[in-house]
Each structure stands twice: as C-alpha cells, then as structure tokens.
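Below you'll find the structure, written out as structure tokens, and then a few comments.
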Amino acid sequence: TLKFSGYKVIKSCIVNDRGIHICKSMLAWQLFAKGATPASTGMKGDHFVGEYYVKFNDEYKRQVEELIAKGMNKDDAANQAPIMQAAKQMLRDWEDGKPAVMELWKKMNGWVYDGFDITYKRIGSDFDIIYYESDTYLLGKKSVDEGLASGVMIKKDDGSVWADLRDEGMDEKLVIRKDGTSVYITQDLGLAQQKYEKYHYDQSIYVIGDEQNYHMKALKLILKKMGKPYADGVEHLSYGMVELPSGKMKSREGTVVDADELIDEMVEVAKQKTEELGKVKDFESNELRSLYDTIALGALKFFLMRVDPKKRMVFNPEESIDFHGFTGPFIQYTHARIKSVLLKAGVNWQSAIGNQQSGGLLKAEKDLIVMLEQYPSVIQQACTEHNPSVIAIFIYNLAKTFNGFYTQLSVLSAESEEKKILRLKLSAMTANVIFSGMHLLGIRVPERM
RNA sequence: GGCCUCAUAGCUCAACUGAAUAGAGCAUCUGACUACGGAUCAGAAGGUUUCAGGUUUGAAUCCUGAUGAGGUCACCA
C-alpha cells in the first residue's frame, strides 16, 4: 500500500535463525529423534523442528521439577537443569563455529526454510530481502564495541555489557551476556545499521507484536544515544495479538492454530460451498483448485485485514470461514458478478462516449459515483495511518453500495442506451477499484466463482 | 508489586481523534417485482458505551479512582 502512494518500499524480513532457541531444538533432536527427519516422518520441516522445541521444553520442565523436589530453589533449578546447561554450551560452540554444531545447525535450518517457503508461497507473501540473524549479530557486537568506546554502554566486572537508560526512565539493558554471546537486542542494533547503510531510509517500520513495545523503545533510545542518524526513522508499528475464543495462543502449550491447517480447512469449506452452488461446472480441476485457494485465502486475509492492526482481536476460525456479510468472499462475489454482466454486454459500449446527463442521475447511481471518488483519499489515509483496515472497510462499503445499485436498477436492460452505457461504465469502474483495493491487501479476486 | 495497553448490541469489530439519533457484520425474526449470478437485496429487533466521580455548552472519546482482561519488567528471543 505504501508503495502505491509513491514511497519506495523495501520489504525485509529478519529471520532469527540463531540463538538459544535454535540450540534447544537441535539438542532435543539429538537426544530424542533417533535420526528421524522431515522426509522420514512426512512432516513439514518447520513443524518437525518445532516439535523438538516443544520436546525440549517438556524435558526441561521435568528436570527442573526434579531438582526442586530434591530441595533446590527455583532459580537455581532453572539454571542448573542439565539440558539447559547443554543448550548454553551449544550456543557457545555455535558462536565459536564448531564444525559439528554448525553442520547440524545448517541441516535443521534447511528443514525449517523448506517449510516456510511452502507456506509463504501459498499465502502469496514475499520479501525483497531477508536478513538472517546469523549475519547481523556480529555487526551488532561491533555496535556494542562502539557503544563502549563512546561511553553509552558499560562493561561490568563479570564481562557482561549494559546500556544505561535509567535517566530516560528505563532500566539498564543487557546487550551482551557475560560469556560473550549476544542476545536479542544485540542483533537488532546490527540490523538497524545494516539496513541504513544499504538503503539510507527515512523511515524503518518495524512490524512487531505489541508485547515488544518495551524492547523497541529501548532499541530506539540506544540508537539515539549513540548518535545514529537513523534513530528517529525507526518506527514501531505494533500490532495486537490474535487470540482464539478459547484463549491466547501459546506455542509452549500447543494451543496454536497452525496456518497450514487452517488454510486447508478453509479451502475445504470453499470447495463445499462452491459445489453446492454449482456455478462452475465447466472449470478444469486445476482451475477449481486455484479458485478454492483464492476464496479461502481471501476470506482469511480479509478477516484479519478489516481490523485495526494495533488492537488485539479474537480470531474465531469458525466465523472466519463464514462467507456472508463483511467478508472477503462477499467482495469476491460482487466482483465476479460484475464481470459476468460486463461479459454479457460485449465490448461495443467501451468506445461509446460518455454523455452529459448531469441532472438525470438517479440516487443509486449517484451513491456509487460518490463512493468511487473516495478511493484515492482512502488509500492516502491507510498510508499515513499505516492501517490497511480502512481500505478493507472501504471496499466492503463499495461492494455493498454496488449491490444496492445492482438490485435497484437494471444494467443490461436500462431505460435508454445512454443509461446502459453509463451503468456499464460504473460497473466496470467498480470492478477495477475492487480489484485494485483487494490487490493492495494482497487478496485476489476471481473473474468467476 | 512498578510501568504500559485495553473494556462499546448475545458474539466479532466501527465511530473522521470532543459534536447532533453510538454504526456494520454474525446470530434471531419478517419480507423481495416470478433471480441482467439469491455467496444478493429491503426491513425489524437488539445499548445506562464495565462501574463511580470530575472537566466541558457538549464525553464512548479528556482527568481521577474502582473492577476486570492482556502485555512487560530475563545473562529468552
């Protein structure tokens, strides 16, 4: 959307492909997998690796409880559980570049990326550039050295490094662990720098969940203190969590709705619904499959897009696959219907010259025109607010207005030839705006459905 | 516990940033010229905007307090 209004946009994505969490998965795999691979189990790579992350946490929890039962206090137990010790050791080995660890790391990451690729491709997501944390964290460490030199950061006796933000009303923030390994924010310092050097951006918009508000504030402050020119351009577009009716999604407890499963489910519903209506009997089977995908994804994306991103929302899988009302399929249907009418009308009308019956507009026609005229300003608004939901709402209203117009007035058998041309043109414009608006939301609209 | 968000119809969301009768969709009920594609359209019903104070000509919106929900305060990312 930003691109559409004249900004030059570089979509980037940071993959946190290193760190203690990866080590945990790797360790659990070594301990429990007995040589299993995604291929041997038939699982998607990212799911497969995720499973071992969960296994690690289960085992970790068990060990901690065991230690507590032996009379150890909670904090010590959390630190001394052997499996956690091992994970930490592995992280150090990784940063030292030990071959065995590196090899395992590459192998498992490969699995994960394969899984991601499939999903991203399916939902039509793409990035101009992907950063890997494994590439940026070293630069982050360099940033820390710089911070130390300029006095923004201080090194404590045990070797850990901190940024003092207390005079800004915040606490001290750890930037390097005492064993010299880097933490989350270290990598972010490097990333900000790397991005700036490459693009000299005016604005760098971080789309991150609102639970990291504090983190982003700290990041910006540190950059500012270090006198980085890009500190002011760093903007945090925080979004609220998506919850389930049954409660929050927690990866550790397995209460997540998996994107792949959800999409499959919705495709199934789209299929049933379409078959019920029996309007596309002449479609080839691969056309059908792509149609179901378009509808299912359209429904899903629209459901997420229509809400102000800053707020938390409850995602009800059952409701999202409802194709009535304020939904993606409603709009797709409207578009398909317009196309059908236009098709029937032939092409002669396109060359016909518009007429000057300014006084003779009926209310339904006027309403539609008014709607169409608002489109540019709506985009503008969505842009400045970083809020795509205004587009979603607008397109929905447009479709609704058009449907009203459509049922009140006949297009093909209009009172006069002039009216017919006018209405055809209005219909065509509506279809274009719907197409364009939905495109901005990353949603496709079918010619027929 | 400190700090930060949020609370609107039974449910999911709006309300142009202080303005006139608080709007949509779902669910519920009633209808649609004998369907240019009915995945549609027209209508009904549904509200003390969590509670209690305050500021203002005017408050869902701003301030204070209460209650409830979530987040964050890690040598996790």
Side-chain angles (χ1 to χ4, degrees), chain A residues 14 16-24 57 75 78-79 84 87-88 91 133 156 158-162 169-188 208-215 217-218 238 240-241 243 245 247-248 270 273-274 276-280 295 299 303 306-308 310-316 318-320 322-334 336-345 377-378 381 385 389-390 392-393 396-397 399-400 402-414 420 423-424 427 448-449:
Chain A
I14 172 77
N16 297 115
D17 62 347
R18 45 135 268 131
I20 190 83
H21 60 297
I22 302 284
C23 291
K24 288 177 182 175
N57 275 317
D75 291 343
N79 276 320
M84 181 54 92
K88 284 183 178 168
L91 179 60
E133 189 184 346
K156 296 209 170 172
D158 61 4
S160 58
V161 180
W162 300 73
M170 299 172 78
D171 286 327
E172 292 180 302
K173 182 92 182 164
L174 176 94
V175 289
I176 292 277
R177 269 191 279 262
K178 70 178 169 203
D179 60 5
T181 56
S182 67
V183 292
Y184 188 47
I185 199 162
T186 320
Q187 157 272 131
D188 258 328
I208 313 180
D210 58 6
E211 74 265 20
Q212 293 191 27
N213 285 346
Y214 182 83
H215 171 78
K217 220 165 116 191
S238 74
M241 280 299 129
E243 293 175 28
K248 194 175 174 343
K273 190 76 188 171
T274 307
E276 245 170 60
L277 293 166
K279 288 173 180 168
V280 287
I295 295 174
F303 192 82
R306 69 184 202 192
V307 180
D308 187 325
K310 288 188 197 62
K311 295 195 181 171
R312 271 181 305 171
M313 67 171 295
V314 174
F315 182 82
N316 184 335
E318 281 165 33
E319 204 171 297
S320 72
D322 194 332
F323 295 161
H324 298 278
F326 194 178
T327 64
F330 169 84
I331 290 161
Q332 290 173 325
Y333 172 75
T334 305
R337 197 164 58 170
I338 294 173
K339 286 292 181 182
S340 164
V341 173
L342 294 181
L343 195 68
K344 229 173 229 181
S377 68
V378 165
Q381 193 198 340
E385 288 180 16
S389 74
V390 302
I393 293 166
Y396 168 69
N397 280 324
K400 233 174 108 172
F402 179 83
N403 283 332
F405 159 86
Y406 178 85
T407 44
Q408 279 176 57
L409 305 168
S410 175
V411 175
L412 291 181
S413 44
K420 181 170 159 186
R423 286 175 194 169
L424 280 168
S427 304
R448 293 175 57 199
M449 64 187 282

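Throughout, a chain's letter reflects where its sequence line sits, starting with A, and its residues are numbered from 1.
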Task: Span that lies between the C1' atom of B:C51 and that of B:G68, in whole angstrom - done: 11 Å
Task: Protein proximity profile, nucleotides 4-14 of chain B - base contact B, sugar-phosphate-only contact S, no contact -, cut-off 4.0 Å on heavy atoms - done: --------BSS
Task: Same-atom distance (C1') from B:G37 to B:G43, integer angstrom - done: 24 Å
Open item on the list: I need the CZ-P distance between A:Phe323 and B:G38, as an integer number of Å.
Closed with: 19 Å
Open item on the list: What's A:Glu133 touching, base or sugar-phosphate or nothing? Going by heavy atoms closer than 4.0 Å.
Closed with: sugar-phosphate
TODO: Check whether any side-chain nitrogen or oxygen of A:His215 sits under 4.0 Å from OP1 or OP2 of B:A77, and answer yes or no.
DONE: no
Open item on the list: So A:Val411 and A:Ser427, do their side chains get closer than 4.5 Å, heavy atoms only?
Closed with: yes
TODO: Using a 90° cut-off around 0 for syn, call B:U17 syn or anti.
DONE: syn
Task: Donor + acceptor pair across side chains of A:His215, A:Asp188 (<3.5 Å) - done: yes
Open item on the list: Suppose we define a pair by two distances each less than 3.5 Å, Watson-Crick or G-U wobble; what does B:G37 pair with here?
Closed with: none
TODO: Grab the CD-P distance between A:Gln187 and B:C76 for me, whole Å please.
DONE: 15 Å
Task: Integer angstrom distance from the C1' of B:A22 to that of B:A14 - done: 10 Å
Task: B:G25 OP1/OP2 closer than 4.0 Å to side-chain N/O of A:Lys400 - done: yes
Open item on the list: What's the gap between B:A15 and B:A59 when it is taken at their C1' atoms, as a whole Å value?
Closed with: 13 Å
Open item on the list: Taking any heavy-atom pair under 4.0 Å as a contact, classify A:Thr274: base, sugar-phosphate, or nothing.
Closed with: base
TODO: Give a yes/no answer on whether the side chain of A:Arg177 brings an N or O atom under 4.0 Å of OP1 or OP2 in B:A77.
DONE: yes
TODO: Between A:Ile295 and A:Ser182, just flag the one whose closest nucleotide in RNA chain B comes earlier from the 5' side.
DONE: A:Ile295
Task: Per A:Leu174 side chain, nearest of listed nucleotides B:C75, B:A77, B:C41 - done: B:C75
Sort me out a list of protein N/O and nucleotides 33-37 of chain B N/O pairs below 3.5 Å, or just none if empty.
from  : atom 1 : to       : atom 2 : distance (Å)
B:C36 : O3'    : A:Lys344 : NZ     : 3.2
B:C36 : O2     : A:Val411 : N      : 3.3
B:C36 : O2     : A:Leu412 : N      : 2.7
B:C36 : N3     : A:Val411 : N      : 2.9
B:C36 : N4     : A:Tyr406 : O      : 2.4
B:C36 : N4     : A:Leu409 : O      : 2.8
B:G37 : OP2    : A:Lys344 : NZ     : 2.6
B:G37 : O2'    : A:Tyr333 : OH     : 2.6
B:G37 : N7     : A:Ser340 : OG     : 2.9
B:G37 : O6     : A:Ala336 : O      : 3.3
B:G37 : N1     : A:Met449 : O      : 3.2
B:G37 : N2     : A:Lys279 : NZ     : 2.9
B:G37 : N2     : A:Met449 : O      : 3.0
B:G37 : N3     : A:Lys279 : NZ     : 3.2

Open item on the list: Could you tell me the Watson-Crick or G-U partner of B:U49, where both distances fall under 3.5 Å? Say none if there is no partner.
Closed with: none
TODO: Go through B:A77, B:U72, B:U40 for me and flag the one nearest to the A:Asn403 side chain.
DONE: B:U40
- [ ] Before giving the answer on ring pair (Phe, Tyr, Trp, His ring centres under 6.0 Å), spell out for A:Tyr333 and A:Phe330 the whole-Å C-alpha distance, their side-chain angles and the decisive distance to 0.1 Å.
- [x] CA-CA 5 Å; A:Tyr333 172 75; A:Phe330 169 84; 7.8 Å; no
Open item on the list: Working to the nearest 0.5 angstrom, can you tell me the gap between A:Asp308 CG and A:Met313 CE?
Closed with: 11.0 Å
Open item on the list: What is the distance, to the nearest angstrom, from the CD1 atom on A:Ile176 to the P atom on B:A77?
Closed with: 11 Å
Open item on the list: Ignoring hydrogens, what is the shortest heavy-atom contact between A:Phe323 and A:Ala299? Give both atom names and the distance.
Closed with: CE2-CB, 3.7 Å
